[in-house]
Amino acid sequence: MPTRTEPFPDEPLAKLPERAREGHKADFGRILLLAGSSAYAGAAILCGKSAARSGAGLVTLAVPATAASALRGKAPHLILRSLPENHEGEVAFTALRQLRALMAESDVFVAGPGLGTSDIESLRELLTRCLLSFDGPALLDASALRAFSADGLGVIQHDRRSALVLTPHLGEAAHLLGIDTQSIRRNPREAAVSLSAITRCVVVLKSHRTLIAVGERIVRNETGNDGLATAGTGDVLSGCIGALLARPLSAFDAARLGVHIHGLAADQWARSRGRSGLVATDLSSRLAMVFAKLET
């Protein structure tokens with residue numbers, strides 16, 4: 001098992017695939033986002049806008065009914081689909097049929113931002129069936145990670161043919177592995193590698209210097225700053241990586257490039273505005289400027 005004292009490999013970042021000049025919106029990725037709740041409707045918008053700013057051609061927000069009402073008209077470039085909800089305003093298991101229909105028309109599935117965990121067993125079953133029904137790459141973040149253990153995700157991924165990306169912060173990684181957060185903090189590299197091995201997934205372990213691991217292959221991101229330590233920036237990251245998965249890039253390359261770009265956007269903001277005033281909406285808007293430089 002690697003340790004923190006070993007050097008990280010110096011690997012080049014994947015190049016951003018060139019966009020076809022004659023392409024249409026479906027060619028640039030159809031992203032389905034299962035996100036939001038009555039309490040956290042904003043997470044869905046942040047994730048959706050980020051996916052669009054990262055080049056996705058079509059972005060669909062599948063959100064519980066109360067969140068859909070709150071979000072209507074807030075982002076006309078995003079497709080909004082209302083789902084059945086439970087008494088807490090969170091997505092209900094009865095949404096499965098609608099989600100399967102939406103997944104049939106999507107290239108990438110992203111789930112978790114703002115979903116909530118009032119009925120964790122129902123959410124786990126819903127996400128399990130969604131993942132096993134979807135043939136394309138997927139990403140789990142936030143509430144979706146709280147619904148599983150690492151072993152449980154490993155069983156699901158054993159039956160899937162496509163890549164799955166996990167984007168936990170230290171606390172979510174500790175939950176998945178069944179250990180305390182301080183253990184993750186003491187050796188994040190070992191935790192990232194272990195989590196990737198158990199789940200059979202690409203792991204983005206978010207921290208001051210985010211780690212991206214697949215199997216025993218691991219790299220450390222060097223962009224970003226403490227301005228990212230504010231609500232909603234993780235939702236922005238999920239949308240960015242989701243869009244890159246549809247470019248298409250491999251799951252590892254999409255995760256690594258997405259984290260790099262996300263950090264660059266924060267660094268650009270900090271140079272002109274300082275670090276302490278950054279909010280997630282600033283970050284999602286800045287993404288387009290970073291992509292513009294990468295595409296020239």
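Only heavy atoms go into these numbers, but all of them, side chains included; no hydrogens, no water, no symmetry mates.
- Two residues are said to be in side-chain contact when any heavy atoms from C-beta on lie closer than 4.5 Å; Val214 and Val203 fail this criterion.
- Checking side-chain atoms of Thr199 against main-chain N and O of Cys201 turns up a donor-acceptor pair under 3.5 Å.
- Of the possible donor and acceptor atoms, none in the side chain of Asp151 sits under 3.5 Å from a partner among the backbone N and O of Gly154.
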Q: Begin from the C-alpha positions of Leu131 and Leu140 and carry the test side chain to side chain contact (heavy atoms under 4.5 Å, CB included) through to its verdict.
A: CA-CA 10 Å; Leu131 289 171; Leu140 298 183; 4.1 Å; yes
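- The shortest distance between side-chain heavy atoms of Phe252 and Val165 does not fall below 4.5 Å.
- Side-chain contact between Leu61 and Arg81 is absent, with no heavy-atom pair separated by less than 4.5 Å.
- The side-chain tip of Arg247 does not point at the ring of Phe28 from less than 6.0 angstrom away and within 45° of straight on.
- Side chain of Arg256 to backbone of Pro12: a donor-acceptor contact under 3.5 angstrom is found.
- Inter-residue side-chain proximity for Phe93 and Arg129 is flagged as met; some heavy-atom pair is nearer than 4.5 Å.
- Figure legend: Arg189 and Phe8 shown as a cation-pi pair, the cationic atom lying under 6.0 angstrom from the six-membered ring centre and within 45 degrees of its axis.
- Side-chain N or O atoms of Ser284 include none that pairs as donor or acceptor with a backbone N or O of Ser50 at under 3.5 Å.
- No side-chain donor-acceptor contact under 3.5 Å links His77 to the backbone of Leu58.
- With hydrogens and angles ignored, the 3.5 Å screen pairs no side-chain donor or acceptor of Asp141 with any backbone N or O of Pro168.
- Using a 4.5 Å heavy-atom threshold, the side chains of Leu205 and Leu195 count as separate.
- Using a 4.5 Å heavy-atom threshold, the side chains of Leu99 and Leu126 count as touching.
- With hydrogens and angles ignored, the 3.5 Å screen pairs a side-chain donor or acceptor of Ser37 with a backbone N or O of Gly114.
- A side chain to side chain donor-acceptor pair (under 3.5 Å) with Ser118 is found for one member of Glu90, His87, Glu88 and no other, namely Glu90.
- With hydrogens and angles disregarded, no donor-acceptor distance shorter than 3.5 Å links the side chain of His169 to the backbone of Lys206.
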